[in-house]
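In what follows, chains are A, B, ... by sequence order, proteins preceding strands, each numbered from 1. We use all heavy atoms of the structure for the numbers below, so side chains are in, but hydrogens, waters and symmetry mates are not. From a predicted model like this one, the values you see are computed outputs, not experimental measurements.
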Number of protein chains: 2
Amino acid sequence: MAGVTAPARLDPRVVRSRRKVIEAATELFLRDGYVATTMDAIAAAAGVSKRTVYNNFDDKDALFTEVVLAASSTAEAFIADAVAELARPDDLRRALATVADALARTATSPRVVQVRRLIIGEALRFPVLAAGYYRAAPGAVIEALAAAFAALADQGRLHLDDPRVAADQFAYLVVGSLIDRALFDGHGSDPDPAELRARAAEGTATFLARYAVPPS
Amino acid sequence: MAGVTAPARLDPRVVRSRRKVIEAATELFLRDGYVATTMDAIAAAAGVSKRTVYNNFDDKDALFTEVVLAASSTAEAFIADAVAELARPDDLRRALATVADALARTATSPRVVQVRRLIIGEALRFPVLAAGYYRAAPGAVIEALAAAFAALADQGRLHLDDPRVAADQFAYLVVGSLIDRALFDGHGSDPDPAELRARAAEGTATFLARYAVPPS
DNA sequence: CCTACCGATCGGTAGG
DNA sequence: CCTACCGATCGGTAGG
């Protein structure tokens, strides 16, 4: 089209090369870590020149930040599902077990585990970024669970004093052990779905042993 | 001295320089990570030549392995104390709370947190080493707790089917949330002792809500 | 044990 | 004329 020039940011070539750089950088940072990933390797994997990488990102730090922030999105989908599941459920135990199972599967997925490894390993180098990821992902999950538990307590369906403590306990009862083992398992063994379900059920049982409203 | 040469391994100069290299390497690996730590920097921090470093360790990987394995010892002290505490206690709840508090303090200590960050961040590069650390530290703690809980169940003081599940739940009820937050907190904020005690007490309460033997 | 040095590669930028 | 992009290379530094 002639006349008024479209903004450079919307040039389809720019959009495409920028996206390819982010995809390549994500793959390499997750696999090799921050220091061992070179800008040359990112450019090569993206199929662009290094100049193009630097046209889109000020420096390596800025590209790393972009990659990590984009990786926080997994938590959002889980939170939306969990909140819906816990809103006035017919069967509370069943709803909690469903949320626990989703949490176990999400938290042990190879992608999420590797994102955690990358950020934890760079927490001293990028403290602000690490804190931001915590707030946007695991922290946001705990907050959402705490809000849901507080609502259930208001409905008289849970008996608890501190929703935050209850949310922490529920989450780490279910996934604490699974996450810890996954983080140290560099061979990336697939978690056994049956074990995930068992841990979800056991965690739910212990949670309800403390917080269920006693039958009156 | 003349005559039969003493084994090089026992030469006090060798012992001393080897120890200085390990100390310097530990400090730098923990602070900067594997890739960003250079052999030159280690030699300089240890006050020896780079040649001396390579006289004691085949390569960077071997030195890293030595440093990480030496860091597994924190768990041993905790395990010995916990096993003693849980052997036929007068007050079970009190004994569990004491173990929980010790676990919370150990797991959130800056040194342990930084060792975890280092190994987790390098789990893909050193999968065997990461698995070895898991087995020797967090895994060994869980095993010790499971054995103690099984003994308490045999004594009729806990009611449980699977000691391993119970041990996982106890440990991560108490420290799961604390460890996760600490790992992502690159600013190294000191954990609040009062919060550690509160989490230990809350975790113990939830654990006993499920596993305490009902008063008959 | 040190100085010196290797093949290679780093993050970032030049000119065209 | 613009934006996007290239081949080539900068000064320094890596593990060994």
Side-chain angles (χ1 to χ4, degrees), chain A residues 1-29 31-68 118 122 125-126 129, chain B residues 5-6 8-29 31-68 118 121-122 125-126 129:
Chain A
M1 333 284 187
V4 245
T5 43
R9 291 277 143 204
L10 295 183
D11 186 320
R13 293 171 302 177
V14 175
V15 173
R16 186 160 170 280
S17 62
R18 186 185 170 88
R19 200 203 41 194
K20 289 201 298 182
V21 169
I22 289 189
E23 287 172 0
T26 301
E27 186 184 345
L28 294 177
F29 279 137
R31 194 189 66 193
D32 298 331
Y34 178 77
V35 181
T37 297
T38 72
M39 295 296 267
D40 283 300
I42 291 170
V48 304
S49 78
K50 207 156 55 158
R51 197 68 189 81
T52 299
V53 175
Y54 281 99
N55 281 344
N56 281 286
F57 302 95
D58 283 350
D59 51 27
K60 195 184 184 183
D61 284 24
L63 178 52
F64 184 73
T65 300
E66 192 96 356
V67 164
V68 167
L118 177 64
E122 301 297 342
R125 211 188 308 270
F126 296 95
L129 187 62
Chain B
T5 43
R9 291 277 141 205
L10 296 183
D11 186 318
R13 293 170 304 176
V14 174
V15 173
R16 186 160 170 280
S17 62
R18 186 185 170 88
R19 193 188 35 116
K20 289 200 298 180
V21 168
I22 289 190
E23 286 173 359
T26 300
E27 185 185 345
L28 292 178
F29 280 137
R31 194 189 66 193
D32 298 331
Y34 177 77
V35 181
T37 297
T38 72
M39 295 295 266
D40 283 302
I42 292 170
V48 303
S49 79
K50 210 156 52 159
R51 198 69 186 75
T52 300
V53 175
Y54 280 98
N55 281 344
N56 281 285
F57 303 95
D58 284 349
D59 50 27
K60 195 184 183 184
D61 284 24
L63 178 52
F64 183 73
T65 300
E66 192 96 356
V67 164
V68 167
L118 177 64
E122 302 297 341
R125 212 187 309 269
F126 297 96
L129 186 62

Checklist entry - Is any side-chain heavy atom of A:Leu63 less than 4.5 Å from a side-chain heavy atom of A:Met39? => result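 Of all side-chain heavy-atom pairs linking A:Met39 with A:Leu63, at least one is under 4.5 Å.
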
Item to check | Test item: A:Lys60 and A:Thr38 side chains (from C-beta on) under 4.5 Å apart, heavy atoms | outcome: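 The answer is no, as the side chains (C-beta and beyond) never meet within the 4.5 Å cut-off.
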
Checklist entry - Do you know which two heavy atoms are closest between A:Asp32 and B:Arg125, and how far apart they sit? => result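 So the minimum-distance heavy-atom pair works out to O-NH2, 3.2 Å.
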
Output the rounded distance in Å from [atom1] ([X]) to [atom2] ([N]).
X       : N      : atom1 : atom2 : value
B:Lys50 : D:dT13 : NZ    : P     : 13 Å
B:Asn55 : D:dG16 : CG    : P     : 15 Å
A:Asp40 : D:dA8  : CG    : P     : 14 Å
A:Tyr54 : D:dT9  : OH    : P     : 19 Å
B:Asp59 : D:dG15 : CG    : C1'   : 10 Å
A:Tyr34 : C:dC10 : OH    : P     : 14 Å
A:Asp32 : C:dC10 : CG    : C1'   : 15 Å
B:Asn56 : D:dG16 : CG    : P     : 15 Å

Item to check | Residue met sooner reading DNA chain C from 5', once A:Asp58 and A:Ala36 are mapped to nucleotides | outcome: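 Checking each residue's closest nucleotide, the 5'-ward one belongs to A:Ala36.
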
Next on the checklist: Please give the distance between the C1' atoms of D:dG16 and C:dA4 as a whole number of Å.
Outcome noted: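 These two C1' atoms come out 13 Å apart once rounded.
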
Measure from the side chain of [X], starting at C-beta and using heavy atoms only, and say which of [options] lies closest.
X       : options               : result
A:Val48 : D:dG15, D:dC6, C:dG11 : D:dC6
B:Thr52 : C:dC1, D:dG15, D:dC6  : C:dC1
A:Met39 : C:dG11, D:dC5, D:dG15 : C:dG11

Next on the checklist: Base, sugar-phosphate or nothing for A:Ser49? Non-hydrogen atoms, less than 4.0 Å.
Outcome noted: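 Here A:Ser49 touches the bases of the nucleic acid.
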
Checklist entry - For A:Thr38 and C:dC10, is the shortest distance between a side-chain N/O and OP1 or OP2 below 4.0 Å? => result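 Looking at the OP1 and OP2 atoms of C:dC10, one of them is under 4.0 Å from a side-chain N or O of A:Thr38.
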
Next on the checklist: Between the base of D:dG16 and the side chain of B:Lys60, is one N or O donor paired with an acceptor at under 3.5 angstrom?
Outcome noted: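 Donor-acceptor pair under 3.5 Å: no.
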
Next on the checklist: Once you measure the plane-to-plane angle for B:Tyr34 and B:Phe29, does it fall in the parallel (<30°), tilted (30-60°) or perpendicular (>60°) bin?
Outcome noted: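 Ring orientation of B:Tyr34 relative to B:Phe29: parallel.
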
Checklist entry - Atom CZ of A:Phe64 and atom OG1 of A:Thr37: how far apart are they, to the nearest 0.5 Å? => result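 Taking CZ in A:Phe64 and OG1 in A:Thr37, the distance rounds to 8.5 Å.
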
